[in-house]
Amino acid sequence: MSISRRGVLAGGLGAPFVARGLATTGAGAGLLAARAPARAAEAAHSLTLGDSEITILTDGGLTLPASTLASNVSDAERAAFLTANGHDGEVRASALNIALVRKGDALVLIDTGAGLNFFQDAGLLADSFDAAGLDRDSVTHVVLTHGHPDHVWGVIDDFDESERFPNASYLMGSAEWDFWMNPDFLADNPEELHSFALGAQRNLGAVAEKLERVGADHAVVSGITMIETPGHTPGHMSVLIEDGGQQLLVTGDALTHPSVSFEKPDWQPTTDQIPELAVKTRRTLLDRAATDGLLLVGYHLPWPGVGRAEAKDGAWRYVAEG
Ligand SMILES: [Zn+2]
């Protein structure tokens, strides 16, 4: 039996875990050991759109307080809505669904997961590639929707800082790059974003030479287009896949919750950096999705995060598919 890189990290190099407050011996080591790689059936979900093959891979999951789902409604209103819709009123558990698109000779990965230094239950993407029989070396393009930890901290290996997708070129919105890579970031932005920026600069800096900064409606390859969906972050982008007369939108974090994002689009999650703009983007996107019958892939929607938006009572409803 081989020793996994995760096992080596947990047992031999404790620093990253100590740094984020997790014990590396005794019960802590047991916790890490219990974080087994995802089984194949849970690691990959496949669908096709015309000639495009889309595989959803899991990076694990993460958990935040439910209070992060809305800063502009009362605790009581938020908890009542969540429990009435079958969710925990206190805890916001999110999936991490990463889309990999094969189109002709291109193999396009959309976001890289969190790596091992953000959340204990995240950082499984490399294991999911293995479980699905996929080779990370064959990824030709990595599109980054935005610079948050759970999307870009998987660019480089936490163990030896090598690139996880060594043969890929990278694409990210110019506005997003400029925001996180600002050399004066720490002076210009609130402290709660500082660790995010340091991680973004470490990961994005490692691939700066092979990263293209792009504007609205940039074609990654024919039929895969980056579109502007700002608000969650300043330069957040989503990815539209068109093939065989069908459309699929990989929404990144423009939509993050199966009930709140669709049915309460005006609620302002604390994870949205420009709340009013995020609301505007969310409404535009949901209206388009419902009108055009777009298939959606949501990074944080319940695994595998594939579904559609239906108009309902002046807002929308999430209908999971697959
Ligand atoms: Zn996210």
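Position 1 is the first residue of the sequence; numbering continues from there.
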Legend entry - Pairwise side-chain contact, His257 with Leu82, heavy-atom cut-off 4.5 Å (strictly under): yes
Inset, instruction - Could you check if a side-chain atom of Val155 sits within less than 4.5 angstrom of a side-chain atom of Arg164, using non-hydrogen atoms only? - result: no
Inset, instruction - May I ask you to check whether over 12 heavy atoms, not counting those of Arg102, lie within 6.0 Å of atom CZ? - result: no
Inset, instruction - Please list all pairs passing the salt bridge (Lys or Arg N to Asp or Glu O under 4.0 Å) test where one or both residues lie in residues 301-319, with sequence neighbours left out. - result: Arg308-Glu321, Glu310-Arg317
Legend entry - Within 6.0 angstrom of Asn182 CG, more than 12 heavy atoms from elsewhere: yes
Inset, instruction - For the residue pair His146 and His236, categorise the inter-ring angle as parallel (less than 30°), tilted (30 to 60°) or perpendicular (more than 60°). - result: tilted
Legend entry - hydrophobic_cluster_shared for Ile227 and Val101, side chain cutoff 4.5 Å: no
Legend entry - Over 12 foreign heavy atoms within 6.0 Å of CG, Asp160: yes
Legend entry - Closest non-hydrogen atom pair between Ala66 and Gly89, with its separation: CB-O, 3.3 Å
Legend entry - Side chain proximity check, Glu263 to Asn85, heavy atoms < 4.5 angstrom: yes
Legend entry - Minimum heavy-atom distance between Gln268 and Pro275, given as atom pair plus value: OE1-CB, 3.4 Å
Inset, instruction - Say whether Asn97 and His45, considering side chains only, have a donor N or O and an acceptor N or O under 3.5 Å apart. - result: no
Legend entry - Test item: Tyr318 side-chain N/O and Leu301 main-chain N/O as donor-acceptor pair under 3.5 Å: no
Inset, instruction - Taking the side chain as every heavy atom from C-beta outward, state whether Leu295 and Ile241 have any atom pair closer than 4.5 Å. - result: no
Legend entry - Cluster check Val306, Leu294: I/L/V/M/F/W/Y, side chain < 4.5 angstrom: no
Legend entry - CD (Glu192) with more than 12 external heavy atoms under 6.0 Å: yes
Legend entry - For Leu62 against Phe118, the heavy-atom pair lying closest together: CD2-CE2, 4.1 Å
Legend entry - Main-chain N/O of Pro166 paired to Lys210 side chain as donor or acceptor, under 3.5 Å: yes
Inset, instruction - Find out whether Leu100 and Phe129 are in side-chain contact, i.e. whether some heavy atom of one side chain is under 4.5 Å from a heavy atom of the other. - result: yes
Inset, instruction - Of all the heavy-atom pairs spanning Ala289 and Ala309, show the shortest one and how long it is. - result: CB-CB, 4.1 Å
Inset, instruction - Could you tell me which non-hydrogen atom of Ala126 sits nearest to which non-hydrogen atom of Arg136, and how far apart they are? - result: CB-NE, 3.7 Å
Legend entry - Donor-acceptor under 3.5 Å (His141 side chain, Leu171 main chain): no
Legend entry - Backbone of Ser71 reached by a side-chain donor or acceptor of Thr270 within 3.5 Å: no
Inset, instruction - State whether the side chain of Thr58 and the backbone N or O of Gly60 hold a donor-acceptor pair below 3.5 Å, judged by distance alone. - result: yes
Legend entry - Reference residue Ser238; test side-chain hydrogen bond (donor to acceptor under 3.5 Å, both in side chains); the match among Asp253, Thr225, Thr229: Thr229
Legend entry - Same cluster (ILVMFWY, side-chain, under 4.5 Å), Val260 and Phe262: no
Legend entry - Gln201 side-chain N/O to Trp180 backbone N/O, donor-acceptor pair under 3.5 Å: yes
Legend entry - Any Leu144 side-chain heavy atom under 4.5 Å of Trp177 side chain: no
Legend entry - Any side-chain donor near an acceptor of the partner, Glu176 and Thr233, under 3.5 Å: yes
Inset, instruction - Give the minimum heavy-atom separation between Gln273 and Pro234, together with the two atoms involved. - result: NE2-CD, 3.9 Å
Inset, instruction - With sequence neighbours excluded, give me every ring pair (Phe, Tyr, Trp, His ring centres under 6.0 Å) pair touching residues 272-295. - result: none
Legend entry - Atom CD of Gln246 with >12 non-hydrogen neighbours under 6.0 angstrom: yes
Inset, instruction - Using modelled atom types only, decide if a donor and an acceptor are shared between the side chain of Asp243 and the backbone of Ser52 within a distance under 3.5 Å. - result: yes
Inset, instruction - Could you tell me how the ring of Phe196 sits relative to the ring of His148: parallel (under 30°), tilted (30 to 60°) or perpendicular (over 60°)? - result: perpendicular
Inset, instruction - Could you check if a side-chain atom of Arg282 sits within less than 4.5 angstrom of a side-chain atom of Thr251, using non-hydrogen atoms only? - result: no
Legend entry - Whether Thr83 side chain and Ala80 backbone form a donor-acceptor pair below 3.5 Å: yes
Legend entry - Within-4.5 Å side-chain heavy-atom neighbours: Leu107 and Phe165: no
Inset, instruction - Could you tell me whether a side-chain N or O of Asp59 sits under 3.5 Å from a main-chain N or O of Ala114, the two making a donor and an acceptor? - result: yes
Inset, instruction - Taking Asp111 for its side chain and Gly252 for its backbone only, find out whether a donor-acceptor pair lies under 3.5 Å. - result: no
